[in-house]
Enquirer: 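Attaching a single structure in C-alpha cells format; questions to follow.
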Amino acid sequence: MNSILVTGGAGFMGSAFVRYLLREYYSQRVVVLDKLTYAGNLENLASVAADPRYTFIHGDICDAPLVDRVMAEHHIEAVVNFAAETHVDRSLIEADAFIKTDVYGTYVLLEAARRHGVARFLQIGTDEVYGSLERGSAGEGDPLSPRSPYAASKAAGDMMALAYHVSHGLPVMVTRSCNNYGPYQYPEKLIPLFITNAIDDQGLPIYGDGQQVRDWLYVEDHCRAVDVVLQRGRPGEVYNIGAGNERPNLEVVVGILQGLEKPWSLVRHVADRPGHDRRYSLNWGKIASLGWRPSYPFESGLAETIRWYQENQGWWRRIKSGEYADYYRRNYGHRLTTS
Ligand code: NAD
Ligand code: TYD
C-alpha cells in the first residue's frame, strides 16, 4: 500500500493533518518525518500512535540519505511538506535554521521526490510571502515581497518547489494560508500565548498599537483545504487559503479576554516587532472554485480553542515551563517587568 509522507507532522498544523487523514481515509497510510525541534511534540500525535497505518520517523528533512531511504522504503506517493521553522520573532533573533529547513530542506525533499517519481508534492506556504498590504488582497500571481527572514525563507521554498515543476515536471502544488489557530498550537504564537497567559493572569504583550490585521483560519478548515488541493489541485499552481476573518489583534484579544472572563488590565502594550507587517489579506477565489470553503466562524473556532487550552493544561504547562520559558527569559525577560 502506498503512503503519504507528512513532514513536520509533529507540529501544530502537521499533526492536525495527520489526525485528519487517519480519521477521514480508512485505508490511508501516513508516514511522519519530523526532527522534533522545540515546536515538534509527540504528544500531538498520541491519539494515533497505536494506529497500524501510522509510522513516525525521527529525522531532519535536510538529511538527504535519510529522506531518500524513507521515500524508497515506504513507497511514498505523495509528500505534504509542513516542516519548517515558523515563528517570525525567532527569525529576527537567529535566521540560520530558517534557511536550512525552509529552503535547503525543501530542496532535499524535492530532489528525492523527483528521483522516486512521487505523484503529488504539496508545499505548505504562507500568506506572509506577499508582504504587508495596506489595502486589497493578494492573488496567487501577485509579486512576492517577504519582509522578515521567516517570510523570505518560505518564499524561497515556494519558488524552489515551483521551479521543480517547471524544470523537472515534478507535480508540485503550493498552498499559501493565512494565520491558523486551534488546539496544539505552540504557545509562542498570538492566540495560544494570550489564552494561556490569561488563564494564569499573566500580562498579554501587544506589539505596538495592536491594530495589525491578520486573517484567522481554524486548523481543521486548513486540513480540508490541503486535502482538496492534494486531490483536485493542478500541478504547477499556487492556491491561497484565506478565512474571511480579518481582525485587528486588539479585537482578537477582546475575544480571548471575554471568553475567559478576564479583565482588560492584563493587556500590556510593549515595543513593536521590528518590521512588523501591518496587514495580510488573501484573495482565495481559486481554492473556492475547487469547492472549498472555511466552515468555522472565528467566534466558534476561538471558543473551541479556548476550551481546549482550558482542558489540556498539562500539554502547554510542560512547554511553558521548559523550552519556552528559557527562550522567553533570554530574549524578552525585560517584558516580565513591563506594565
Ligand atoms: P510548527 O512550528 O508548529 O511545527 C513545525 C514542525 O516542523 C515541528 O514539528 C518541527 O519539529 C518540524 N521541523 C522543523 N524543522 C524540521 C526539519 N529540519 N526536519 C524535520 N522536521 C522539522 O509549525 P506550524 O504552525 O504547524 O506550521 C506548519 C507549516 O505551515 C509551516 O510550513 C508554516 O510555514 C506553514 N504556515 C503556518 C501558519 C500558521 O499560522 N501557523 C500559517 C500559514 C502557513
Ligand atoms: P504571530 O502569532 O506571531 O503570527 P504572525 O506574525 O506570523 O502573523 O502574531 C500574530 C500577530 O500578533 C502579529 O501581528 C504579531 C502580534 N503579536 C503580538 O502583538 N504579541 C505577541 O506576543 C505575539 C506573539 C504576536
Enquirer: Output the distance between atom OG1 (Thr196) and atom CG (Asn312), rounded to the nearest 0.5 Å.
Expert: 12.5 Å
Enquirer: Answer yes when Arg279 and Asp127 have at least one side-chain N-carboxylate O distance shorter than 4.0 Å, and no when they do not.
Expert: no
Enquirer: Can you find a side-chain donor-acceptor pair between Ser281 and Glu246 that sits under 3.5 Å?
Expert: yes
Enquirer: For His168, enumerate each residue passing the ring-ring contact (aromatic ring centres under 6.0 Å, His included) test, keeping only those at least two apart in sequence or located in another chain.
Expert: Tyr164
Enquirer: Would you tell me whether Asn331 and Tyr328 have side-chain atoms, one donor and one acceptor, within less than 3.5 Å of each other?
Expert: no
Enquirer: Partners of Val228 by side chain to side chain contact (heavy atoms under 4.5 Å, CB included), sequence neighbours excluded?
Expert: Arg232, Leu290, Trp292
Enquirer: How are the rings of Tyr184 and Trp308 set to each other: parallel, tilted or perpendicular (split at 30° and 60°)?
Expert: tilted
Enquirer: Are the aromatic ring centres of Phe12 and Tyr186 under 6.0 angstrom apart?
Expert: no
Enquirer: Return the minimal non-hydrogen interatomic distance between Phe194 and Leu204, and the atom names on each side.
Expert: O-CD2, 3.5 Å
Enquirer: Does a side-chain N-to-carboxylate-O contact under 4.0 Å join Arg247 and Glu299?
Expert: yes
Enquirer: Under the criterion ring-ring contact (aromatic ring centres under 6.0 Å, His included), I'd like the reasoning laid out for Tyr218 against Phe298: C-alpha separation, chi angles, the key distance, then a yes or no.
Expert: CA-CA 8 Å; Tyr218 195 61; Phe298 183 63; 9.7 Å; no
Enquirer: Listed by chain and number, what are the ring-ring contact (aromatic ring centres under 6.0 Å, His included) partners of Tyr130, not counting sequence neighbours?
Expert: none
Enquirer: Between Asp227 and Arg224, is there a salt bridge with N-O shorter than 4.0 Å?
Expert: no
Enquirer: Side chains of Arg90 and Tyr38: any donor to acceptor distance under 3.5 Å?
Expert: yes
Enquirer: Could you verify whether a donor N or O on one side chain and an acceptor N or O on the other, from Ser137 and Asn283, lie under 3.5 Å apart?
Expert: no
